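First the structure, in the form of structure tokens, and then the observations on it.
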Number of protein chains: 2
Amino acid sequence: MLTHTAEDYLERIYMLSLRLERVKSSDIAKEFGIRTPSVISALKLLKEKGFVHYRKHGAVTLSEKGMERALDVYDRHKTTYRFLRFVLGVPDGIASADACGMEHSVSPETADAMKDFFSFIRLKKDAGVDIQGEFQKFRKEKPTVGKRARYSDTDSGTRRLSVVKDGIRCVILKLDGDREVKRRLLDMGVIPGETVEIRNRGPLGFPIEILIQGYVLTLRRDEAESVIVREA
Amino acid sequence: MLTHTAEDYLERIYMLSLRLERVKSSDIAKEFGIRTPSVISALKLLKEKGFVHYRKHGAVTLSEKGMERALDVYDRHKTTYRFLRFVLGVPDGIASADACGMEHSVSPETADAMKDFFSFIRLKKDAGVDIQGEFQKFRKEKPTVGKRARYSDTDSGTRRLSVVKDGIRCVILKLDGDREVKRRLLDMGVIPGETVEIRNRGPLGFPIEILIQGYVLTLRRDEAESVIVREA
DNA sequence: CTATAAAATTAGGCAGACCTAAAATAAGCC
DNA sequence: GGCTTATTTTAGGTCTGCCTAATTTTATAG
Ligand SMILES: [Mn+2]
Ligand SMILES: [Mn+2]
Ligand SMILES: [Mn+2]
Ligand SMILES: [Mn+2]
């Protein structure tokens with residue numbers, strides 16, 4: 001495993017090697033805005049681990065292993081950058097900075113999905129459906145989403161969200177049940193204090209579509225059962 | 001400024017406080033799978049910086065400042081998670097892990113764009129256009145994108161991409177010109193060794209639409225002028 | 001080919017984020 | 001209330017990633 005910084009060094013050495021025939025430690029320092037001694041010790045670590053070739057006063061080159069990793073990081077960078085910039089319309093400089101941070105956490109699955117989404121959008125565009133353009137228009141017209149709902153102190157019976165009727169506004173009191181289910185609910189923003197309402201449901205009663213914080217989410221029965229609510 | 005880890009501590013303390021009335025250092029250690037002494041020293045730092053309240057053998061609580069930051073991180077987590085999961089269709093566990101890494105690098109601009117895209121998709125769905133569903137179908141049908149093109153050693157004249165005719169396949173030799181422009185080109189994957197072809201262009205000759213690595217990108221004149229190519 | 005300037009490296013330091021082992025404190029039980 | 005056990009904290013250590021100051025090596029210019 002490599003740290004984020006180590007990945008950044010490899011990526012940057014690769015980028016520099018595209019335009020310099022000899023990459024020196026000072027070139028790297030300049031790129032990152034840090035001091036050369038910091039670069040030297042980073043290079044020593046990368047060398048020990050077999051990612052770069054480097055001799056005193058010599059040029060830095062990527063080993064085969066290093067090149068592989070550098071290309072991998074760079075691919076995640078590009079993919080993320082393009083996605084932010086051309087799908088979400090994030091401004092250039094911000095997209096670049098975000099991508100260089102996010103690239104270290106993007107799994108292959110996520111990278112693939114972003115690539116595919118990009119192709120998908122392109123395909124739709126060729127078919128006359130400009131998703132990106134429509135999204136930009138949508139953003140211009142509609143301002144931002146509302147703020148976090150506040151806990152409200154009305155009193156009435158507590159129950160599980162799984163037994164609440166459609167269209168009734170409830171306040172989430174707590175979550176119980178399986179650890180994984182709770183984690184997933186928290187990931188989605190289903191947390192105590194929020195207001196929730198069942199908007200729609202599947203033919204068998206589940207899954208249910210809930211409205212929370214202005215979003216619509218889908219919950220399975222077991223998920224709905226872990227949510228303890230009170231009518232608001 | 002807080003480190004990624006410090007942000008994670010705040011986020012986790014917040015999450016724990018939703019289901020425990022007293023959050024102890026050992027609870028945090030358990031959540032992160034680390035040892036209590038590590039948590040203690042992290043808490044000391046967070047306390048020094050005014051993000052948590054904490055006394056020996058007492059419970060940890062978030063200060064006002066800490067709560068603000070925790071909610072902020074958690075919001076980026078949720079937003080990223082939902083986006084990965086429900087727009088891109090990344091599997092649950094992976095989306096969760098990726099989100100918890102990416103959340104620290106997501107700018108407010110990116111977070112807003114993700115939220116808006118989510119609403120946009122929901123709006124389209126209500127209007128009968130299921131972007132997410134179509135995307136999933138698209139992914140199932142179309143396998144993955146091809147691999148990186150290799151540098152090819154044919155010889156012929158070198159020129160700038162800005163003067164190349166449409167439909168001619170070229171190999172990128174180098175980039176020159178403004179630092180910012182180069183950075184942007186590298187961000188997009190326009191790098192030496194890649195094959196590129198102009199696919200389409202604006203009414204005034206620019207911007208041009210290029211095909212590179214299976215993607216279509218748009219380049220402005222100044223960008224195209226920085227790309228030195230040779231016909232392949 | 002030497003003197004001087006520039007670049008690179010070494011030495012030593014500090015902070016964050018983890019660890020283990022030992023000591024202090026709190027909790028539970030007769 | 002005192003004894004035993006569990007929890008929490010302290011002490012001290014490692015590794016990464018940055019720094020400044022001093023030294024060594026390389027480049028350049030007369
Ligand atoms: Mn990076
Ligand atoms: Mn990057
Ligand atoms: Mn995180
Ligand atoms: Mn998180």
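Chain naming here is simple, since letters A, B, ... match the order of the sequence lines and numbering starts at 1 in each. Computed from a predicted model, the values in this text were never measured in an experiment.
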Parallel, tilted or perpendicular for B/His104 and B/His4, by the 30°/60° rule? parallel

Could you give the CZ-to-C1' distance, from B/Arg12 to C/dA17, as a whole number of Å? 17 Å

Between C1' of D/dT16 and CG of A/Asp8, the distance in whole Å: 14 Å

Reckon A/Lys44 has a side-chain N or O less than 4.0 Å from the OP1 or OP2 of C/dT10? yes

Please determine if B/Arg122 forms a cation-pi arrangement with A/Tyr215, meaning its NZ or CZ atom is less than 6.0 Å from the six-membered ring centre and no more than 45° off the ring axis. no

Closest nucleotide among D/dC18, D/dT26, D/dA21 to the A/His57 side chain: D/dT26

For DNA chain D, what residues of residues 20-33 of chain A have any heavy atom nearer than 4.0 Å? none

Regarding A/Lys78 and the six-membered ring of A/Tyr74, is the cationic atom NZ or CZ under 6.0 Å from the ring centre and inside 45° of its axis? yes

Is B/Thr36 touching bases, backbone alone, or none of the nucleic acid, heavy atoms closer than 4.0 Å? base

Which sits closer to the 5' end of DNA chain D, A/Ala6 or B/Ile40, going by the nucleotide each is nearest to? B/Ile40

Where do B/Arg179 and A/Arg19 come nearest, in terms of heavy atoms and distance? NH1-NH2, 4.5 Å

Whole Å only: how far is the CZ atom of B/Arg55 from the C1' atom of D/dT10? 19 Å

Distance, rounded to the nearest Å, where A/His4 contributes NE2 and C/dG16 contributes P: 19 Å

Rounding to a whole Å, what distance do you find between B/Leu45:CG and C/dA17:C1'? 9 Å

Using a cut-off of strictly less than 4.0 Å, decide whether A/Arg35 has a side-chain nitrogen or oxygen near OP1 or OP2 of D/dC18. no

Just N and O in the side chain of B/Tyr9: are any of them under 4.0 Å from OP1 or OP2 of C/dG16? no

Nearest-nucleotide check on DNA chain D, A/Lys49 vs A/Lys56; residue mapping nearer the 5' end is A/Lys49

Contact between B/His53 and B/Lys47 at the side-chain level, heavy atoms closer than 4.5 Å - yes or no? no

Length of the line joining B/Ile34:CD1 and C/dA17:C1', which is rounded to integer Å: 8 Å

When you measure from the side chain of B/Ser38, which nucleotide among D/dG17, C/dA17, C/dC18 comes out closest? C/dC18

B/Leu2 atom CG is separated from C/dA15 atom P, nearest whole Å, by 17 Å

Using 30° and 60° as the class boundaries, would you call the ring planes of A/Phe117 and B/Phe117 parallel, tilted or perpendicular? perpendicular

Picking from C/dC19, C/dT10, C/dA17, the nucleotide nearest the side-chain atoms of B/Thr3 would be C/dA17

Whole-Å gap separating P (C/dG16) and CG (B/Leu46): 10 Å

Aromatic ring proximity, centroids under 6.0 angstrom, B/Phe32 and B/Tyr9: yes

So do the side chains of B/Lys24 and B/Val60 get within less than 4.5 Å of each other, counting heavy atoms only? no

Which nucleotide in D/dG17, D/dT25, C/dA21 has an atom nearest any side-chain atom of A/Thr5: D/dG17

